[in-house]
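Here is the structure we will look at.
Hydrogens, waters and symmetry mates are skipped; everything else that's a heavy atom, side chains included, is used. FYI, the numbering just counts along the sequence from 1. Ligands are counted one by one from 1 in listed order, and the atoms in each one are counted from 1 as well.
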Amino acid sequence: MQNLKVLLWFWSFLLSLILRTSTSMDSIALSQSISDGETLISRGGTFEVGFFKPGNSNSQYFGIWYYNVSPLTVVWVANREKPLNNTSGILKFTDQGLVLVNGSTNSTVWSSNMSRKSENRNLVAQILDSGNLVVKDGHDEKQILWQSFDYPSDTFLPGMKLGMDLVTGLERSVSSWKSTDDPSRGYYEAKIDRRGYPQVVITNGTVIIVRLGPWTGLTFSGATLYLRYTQLSNEFVFNEKEIFYDLFIG
Ligand SMILES: *[C@@H]1O[C@H](CO)[C@@H](O)[C@H](O)[C@H]1NC(C)=O
Ligand SMILES: *[C@@H]1O[C@H](CO)[C@@H](O)[C@H](O)[C@H]1NC(C)=O
Ligand SMILES: *[C@@H]1O[C@H](CO)[C@@H](O)[C@H](O)[C@H]1NC(C)=O
Ligand SMILES: *[C@@H]1O[C@H](CO)[C@@H](O)[C@H](O)[C@H]1NC(C)=O
Ligand SMILES: *[C@@H]1O[C@H](CO)[C@@H](O)[C@H](O)[C@H]1NC(C)=O
Ligand SMILES: *[C@@H]1O[C@H](CO)[C@@H](O)[C@H](O)[C@H]1NC(C)=O
């Protein structure tokens with residue numbers, strides 16, 4: 001009898017472990033939210049998204065980091081210029097997009113701007129294994145309404161584009177944190193300089209400190225860019241719709 005109890009306990013313990021692993025989610029649906037302590041983990045276990053406090057800071061941010069990598073390596077921050085000071089935030093997924101609110105007052109601290117609104121009630125917000133947090137149509141994988149890759153922080157990941165969308169006017173650049181405790185914009189920025197023939201530059205304020213040139217075989221070694229892949233290719237695209245530099249694996 002005693003043995004049976006132990007066996008039952010053991011099975012329920014195993015089951016709870018299995019359930020715990022299988023309930024780790026990579027997406028939320030409309031009207032769901034993420035609170036402090038809750039996270040989403042990308043399907044292949046590469047990236048995690050949720051609330052964090054950088055370094056010795058008391059401020060809370062919503063962002064994306066490498067799952068299970070120590071020390072905490074953050075690749076994207078939503079409210080980098082608007083920290084939650086000593087308060088817990090809640091990330092809500094509404095038909096306006098992702099909205100970060102002060103948990104005690106409900107006041108909006110940050111929100112994603114969806115360029116295209118949708119009547120669709122089947123939207124999902126999902127963290128992908130590329131590190132991209134996307135809001136998309138749950139039925140149509142290609143209908144991306146918003147993506148964090150359009151608003152890089154200090155990390156340039158494969159699949160991101162550095163540069164300009166000439167149709168929407170969206171400009172994507174990568175900028176350093178102010179310090180390890182403060183993800184707000186620091187001195188350094190990598191972007192496309194469109195004066196003359198477009199090229200990738202790294203600036204310190206208004207001063208260009210590195211010109212990476214427009215194309216080929218570039219290795220970013222600036223303080224602002226952390227690359228974790230070795231097999232990378234890059235391309236420089238310049239046409240009437242877009243000017244961008246990007247990286248891809250392979
Ligand atoms: C948090 O505190 C800093 C410094 O005191 C302030 O600049 C910032 O606006 C505050 N953040 C919010 C969301 O109120
Ligand atoms: C959140 O609300 C509390 C209570 O009103 C306030 O003390 C705090 O400064 C607010 N935090 C932010 C980041 O707005
Ligand atoms: C947050 O709380 C800590 C300790 O209570 C305090 O030292 C710090 O000044 C507070 N920060 C803000 C921005 O209110
Ligand atoms: C925040 O908003 C939700 C619904 O939007 C509501 O249920 C909740 O009571 C609000 N909390 C505060 C503190 O206003
Ligand atoms: C959203 O759009 C408004 C108005 O165009 C702008 O002020 C705000 O900074 C944008 N927010 C983000 C997160 O891009
Ligand atoms: C960038 O600018 C800051 C402020 O002007 C300066 O302190 C720093 O030394 C500069 N860094 C480089 C690499 O030029």
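Distance alone, capped at 3.5 Å, is enough to place a donor-acceptor pair between the Trp110 side chain and the Ala78 backbone.
Listed by chain and number, the residues in a salt bridge (Lys or Arg N to Asp or Glu O under 4.0 Å) with Arg194 amount to none (sequence neighbours excluded). Residues passing the salt bridge (Lys or Arg N to Asp or Glu O under 4.0 Å) test with Asp193 are Arg195, sequence neighbours excluded.
Using a 4.5 Å cut-off between side-chain heavy atoms of Ile, Leu, Val, Met, Phe, Trp and Tyr, Trp177 falls into a hydrophobic cluster with Phe52, Tyr61, Trp65, Leu72, Val74, Val77.
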Report all N/O contacts between ligand 6 and the protein shorter than 3.5 Å as a table of atom names and distances to 0.1 Å; if there are none, say 'none'.
unit_1: ligand 6; atom_1: 2 (O); unit_2: Asn204; atom_2: OD1; d: 3.1
unit_1: ligand 6; atom_1: 2 (O); unit_2: Asn204; atom_2: ND2; d: 2.4
unit_1: ligand 6; atom_1: 11 (N); unit_2: Tyr188; atom_2: OH; d: 2.8
unit_1: ligand 6; atom_1: 11 (N); unit_2: Asn204; atom_2: ND2; d: 2.9
unit_1: ligand 6; atom_1: 14 (O); unit_2: Asn204; atom_2: ND2; d: 3.3

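Within 6.0 Å of atom CG in Asp140, more than 12 heavy atoms from other residues, nucleotides or ligands are found, so the atom counts as buried in its surroundings.
Side-chain polar atoms of Ser42 and Asp129 form a donor-acceptor pair below 3.5 angstrom. Of the N and O atoms on the side chains of Ser175 and Arg80, at least one donor lies less than 3.5 Å from an acceptor on the other residue.
Here Phe62 and Phe51 bring their ring centres to under 6.0 angstrom of each other.
Between Val109 and ligand 2 there is no heavy-atom distance shorter than 4.0 Å.
Under 4.0 Å from ligand 2, not a single heavy atom of Ser107 appears.
Using a 4.0 Å cut-off to heavy atoms of Ser104, the atoms of ligand 2 that qualify are 1 (C), 2 (O), 3 (C), 4 (C). Contact atoms of ligand 2 toward Pro83: 13 (C) (distance under 4.0 Å to a heavy atom of the residue).
The shortest N or O to N or O distance between Asn85 and ligand 2 is not under 3.5 Å.
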